[in-house]
Amino acid sequence: MVAADARSKRDGKFLEKLGIYNPNTNPATIELNVDNSVQWLVNGAQPSDTAKRILSYKGVLYKHHLLGGVRKGALTEEQAEAKFNAWVEEKAKSVAKKEAGLDKEKAEARAKALEAEKEVNEKRALAATEALNADAEAEITEEAIVVTEEAGVEAEVTEEAVVEKVADEAAPVAEEVVEGSAPVAEEEVAQEAAPAKAEDTATEGDAEEKPAASDKKE
């Protein structure tokens, strides 16, 4: 904020620096020499639109108005100063209230941001845990499948071994039965054939003896 000749270029030479204005903060930062600004208005300075809003915000225009009343005799300087000080206090309270509201909004926004970040972290942690559990279950399932397959192979091997063992144990019994039955059959045939031979021998003997008897008769 400066007082400059209207014929000078913007950001050129100025007559007096009255204060600073920074709109990038919330609320905006304004530092202004009120008494010197009022004096320039009294001298006939014409503020720009932006400068006029800043002067009104800081009470420069209001004080200039009060001083006008003093010049006209409507107010004394003490009354004008008291009115201006009361306005300044009320303005300070309003600004403080606004700053408190802004601080509260910032705190609430920060709390919401932290809560949102916490929820995101919890979801990520839950997703990671579920993924780990899924991988563990998949590994357990694969191991169970492998164990089942191995058990099936072992069962097949065991069944084959039992079948082979039963076959090995049954084969000699069959051979013994076959080998043991052959002599019995031969003995039975021999016993059956023996009387027949005896009968044949007897018959032959009788045949030989009979002619001998006929010879004796002759």
Side-chain angles (χ1 to χ4, degrees), residues 1-140:
M1 293 284 298
V2 295
D5 191 335
R7 294 170 295 183
S8 64
K9 295 181 180 179
R10 180 181 176 83
D11 298 334
K13 291 182 179 181
F14 56 86
L15 301 174
E16 183 182 358
K17 182 177 179 180
L18 301 176
I20 60 172
Y21 168 64
N22 182 11
N24 295 323
T25 60
N26 190 13
T29 301
I30 301 174
E31 295 180 4
L32 189 64
N33 189 327
V34 176
D35 293 334
N36 290 354
S37 299
V38 172
Q39 188 60 44
W40 277 104
L41 292 178
V42 171
N43 293 338
Q46 298 296 318
S48 63
D49 293 338
T50 303
K52 190 174 183 178
R53 288 193 296 269
I54 294 172
L55 295 175
S56 175
Y57 180 80
K58 296 300 291 186
V60 174
L61 297 181
Y62 180 64
K63 191 171 184 177
H64 180 260
H65 172 71
L66 292 174
L67 291 178
V70 172
R71 286 192 299 271
K72 291 179 181 179
L75 295 172
T76 63
E77 292 184 358
E78 290 78 8
Q79 290 175 342
E81 190 69 22
K83 286 180 176 292
F84 179 74
N85 290 334
W87 182 91
V88 170
E89 290 178 1
E90 188 66 24
K91 186 68 174 180
K93 290 179 181 179
S94 177
V95 172
K97 185 177 180 180
K98 182 179 180 180
E99 290 178 349
L102 292 173
D103 293 339
K104 184 178 179 180
E105 290 178 359
K106 289 179 181 178
E108 291 177 353
R110 190 181 299 108
K112 289 181 180 179
L114 292 174
E115 187 66 21
E117 185 177 358
K118 183 179 179 181
E119 291 180 0
V120 171
N121 293 333
E122 289 178 354
K123 289 180 180 179
R124 288 178 180 175
L126 181 60
T129 303
E130 291 178 353
L132 292 174
N133 292 336
D135 294 340
E137 290 177 359
E139 291 179 359
I140 292 171

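Nearest heavy atoms, Pro23 versus Ala28: CA-CB, 4.0 Å. Scanning all heavy atoms of the two residues, the minimum distance from Lys17 to Val2 falls at CA-CG1, 3.9 Å. Pairing each heavy atom of Phe84 with each of Gly59, the nearest pair is CE1-O, 3.3 Å.
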Begin from the C-alpha positions of Asp103 and Glu108 and carry the test side-chain contact (heavy atoms from CB on, under 4.5 Å) through to its verdict.
CA-CA 9 Å; Asp103 293 339; Glu108 291 177 353; over 6 Å; no
Leu75 vs Lys83, test: side-chain contact (heavy atoms from CB on, under 4.5 Å). Steps then yes/no.
CA-CA 10 Å; Leu75 295 172; Lys83 286 180 176 292; 4.2 Å; yes
What do the steps show when you test Val70 against Thr76 for side-chain contact (heavy atoms from CB on, under 4.5 Å), and what is the final call?
CA-CA 6 Å; Val70 172; Thr76 63; over 6 Å; no
Run the numbers on Lys91 and Tyr57 for side-chain contact (heavy atoms from CB on, under 4.5 Å), then give the verdict.
CA-CA 9 Å; Lys91 186 68 174 180; Tyr57 180 80; 3.5 Å; yes
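Distance check, rounded to the nearest 0.5 Å: CG of Asn22 to CD1 of Ile30 gives 10.0 Å. If you take CE on Met1 and OG1 on Thr50, they are separated by 9.0 Å, rounding to the nearest 0.5 Å. Interatomic distance, Arg53 CZ to Tyr21 OH, rounded to the nearest 0.5 Å: 7.5 Å. The line from CG of Leu32 to CD1 of Ile54 is 8.0 Å long, rounded to the nearest 0.5 Å. Once rounded to the nearest 0.5 Å, the distance linking CG of Leu18 with CD of Glu16 reads 5.0 Å. The line from CD of Glu77 to CD of Gln79 is 11.0 Å long, rounded to the nearest 0.5 Å.
Leu114 pairs in a side-chain contact (heavy atoms from CB on, under 4.5 Å) with only one of the listed residues (Lys112, Glu117, Lys118), which is Glu117.
A donor-acceptor contact shorter than 3.5 Å links the side chain of Ser37 to the backbone of Asn33. Using modelled atom types, no side-chain atom of Ser94 and backbone atom of Glu90 make a donor-acceptor pair closer than 3.5 Å.
Shown here is Asp5, whose CG atom has more than 12 heavy atoms of other residues, nucleotides or ligands within 6.0 Å. For NZ of Lys52, the number of neighbouring non-hydrogen atoms (other residues, nucleotides, ligands) closer than 6.0 Å is 12 at most. Counted within 6.0 Å of NE2 on His64, heavy atoms from surrounding residues, nucleotides or ligands total more than 12; the atom is thus considered enclosed. Residue Glu122 places its CD atom among more than 12 non-hydrogen atoms of other residues, nucleotides or ligands, all under 6.0 Å distant. A 6.0 Å sphere centred on CD of Glu31 holds no more than 12 heavy atoms belonging to other residues, nucleotides or ligands.
Gln39 and Asn43 share a donor-acceptor pair across their side chains, judged by distance under 3.5 Å alone.
By the 4.5 Å heavy-atom criterion applied to side chains, Glu81 and Leu67 are not counted as neighbours.
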